[in-house]
Amino acid sequence: MPELPEVETMVRGIRAHVTHRPIGDLVACANRCKPINIKPTLARLRKRVVGKTFQAVRRLGKRVILDLSDGSSLAIEPRMTGLVLLADPPDVEHLRLRWDFDGPGQYASFWFWDRRGLGTVTLFDQAALKARFALGTFGRDALEMTADHWVESCHKSAREIKVLLLDQKTVAGIGNLYASEILHRAGIHPGVPAKSLTPDALERLTQSVQFVLNKAIEYEGSTLGDGTYRNALNQSGRYQNEHRVYMRAGEMCSVCGDEEIVRIVQAQRSTFYCPMCQPESKGSGRKSGSDRRGFKPSNRKTGR
DNA sequence: ATTAATGTTCAGAA
DNA sequence: TTTCTGAACATTAA
């Protein structure tokens, strides 16, 4: 499920191969899959894209943005299982769209592949893109968040910190997997209200977001058990080997060695955490000492 | 054979 | 205003 590190890996993977090349055609792949959700229609998008070039490829939250030479931009949103590929798709059935380039180049085309078909491709003109991703309508990028920004985002909110982390309007790029990993490294219990976090906890959160996301980018993202996520050349990421809590319910915490990782459900999504490293009490002060022992997990489900 | 679970986003309701 | 719920989708585990 592509989150910030996976989408960043996609962007870096295709950038050199898709920019400044004339687009010869855009077609729906010939298989029984629907060509996913396209705005406007495929036919109209095709007319708007053919003959142009991509001037730049960048990331906005969890979307791949391709800036066209006429000032408009294409936003590819992988959602759960979408991939951009230069070659070697995981399978041919779930290829959805293909862009063909004219002229020389290492790869003649690139694809949007999506097993579940929740992904979207949307064309924005310059003004519409600006409006859609303006601060306030869309959150600041997770890698741009300073401690002051976190204070501003958290100090009024009654929501659980894990749920707030997932809100793309509050902060862009964090998804279910990295939310659990980030909070574990920060020593913050996922269920505490955002506004209860102390300045110290928010400082740790700031650092943890930077550390975890940058490390995950360095490792080219996480390819989970189902093997869905792949880079542009259909290679697995390597950050899954570094996960400390995600999908590790019932395992001993590798950091404290004293407690099993627990799975709970928040906002209909799985959360994983360590009751020892992430105490529930006030402001999640990790070093407060008084809550080192005697803590009871707030939820008893430990299955995976 | 049916049902639940999986994760992201958005529309619409509370 | 803020927060919550359900739908969309494909595949697999129970």
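As a basis for the values below, the full set of heavy atoms in this structure was taken, side chains included, without hydrogen atoms, waters or symmetry mates. A, B, ... follow the sequence lines: proteins, then strands. Residue 1 opens every chain.
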Euclidean distance, atom [atom1] of residue [X] to atom [atom2] of [N] [Å, nearest integer]:
X: Asp167(A); N: dT2(C); atom1: CG; atom2: P; result: 11 Å
X: Leu164(A); N: dT3(C); atom1: CG; atom2: P; result: 8 Å
X: Ile161(A); N: dT3(C); atom1: CD1; atom2: P; result: 12 Å
X: Lys169(A); N: dC4(C); atom1: NZ; atom2: P; result: 15 Å
X: Asn37(A); N: dA7(C); atom1: CG; atom2: P; result: 18 Å
X: Leu165(A); N: dG7(B); atom1: CG; atom2: P; result: 15 Å
X: Gln266(A); N: dT6(B); atom1: CD; atom2: C1'; result: 17 Å
X: Glu3(A); N: dT8(B); atom1: CD; atom2: P; result: 5 Å

Need one value for [X]: base, sugar-phosphate or nothing, where a base atom within 4.0 Å counts as base even if backbone is also close, heavy atoms only.
X: Arg269(A); result: base
X: Gly119(A); result: nothing
X: Ala158(A); result: sugar-phosphate
X: Thr120(A); result: nothing

At less than 4.0 Å, is any side-chain N or O atom of [X] found next to OP1 or OP2 of [N]? Yes or no.
X: Tyr246(A); N: dG7(B); value: yes
X: Gln268(A); N: dT5(C); value: yes
X: Thr81(A); N: dG7(B); value: no
X: Arg132(A); N: dT9(B); value: no
X: Arg116(A); N: dT12(C); value: no

I'd like to know if [X] pairs up with [Y] as an ion pair, taking the criterion as any Lys NZ or Arg NE/NH1/NH2 lying under 4.0 Å from an Asp or Glu carboxylate oxygen.
X: Arg115(A); Y: Asp91(A); answer: no
X: Glu77(A); Y: Arg79(A); answer: yes
X: Arg46(A); Y: Asp25(A); answer: yes

[X] side-chain proximity, nearest of [options]:
X: Gln168(A); options: dA10(C), dT9(B), dA8(C); value: dT9(B)
X: Leu118(A); options: dT6(B), dC9(C), dT9(B); value: dC9(C)
X: Arg79(A); options: dA5(B), dG7(B), dC10(B); value: dC10(B)
X: Asn176(A); options: dG7(B), dC10(B), dT6(B); value: dG7(B)
X: His94(A); options: dT11(C), dA5(B), dT9(B); value: dT11(C)

Lys NZ or Arg CZ of Arg185(A) over Phe211(A) ring: under 6.0 Å, within 45° |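 Geometry flag: set, cation within 6.0 Å and 45°.
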Look at the aromatic rings of Phe110(A) and Trp99(A) and report parallel, tilted or perpendicular, splitting at 30° and 60°.
-> parallel
Considering heavy-atom distances to DNA chain B, does Ser270(A) or Lys62(A) have its closest nucleotide positioned more toward the 5' end?
->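 Here Ser270(A) is the residue nearer the 5' end.
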Examine distances only and state if a side-chain atom of Asp114(A) and a backbone atom of His94(A) form a donor-acceptor pair shorter than 3.5 Å.
->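 No; zero donor-acceptor contacts below 3.5 Å.
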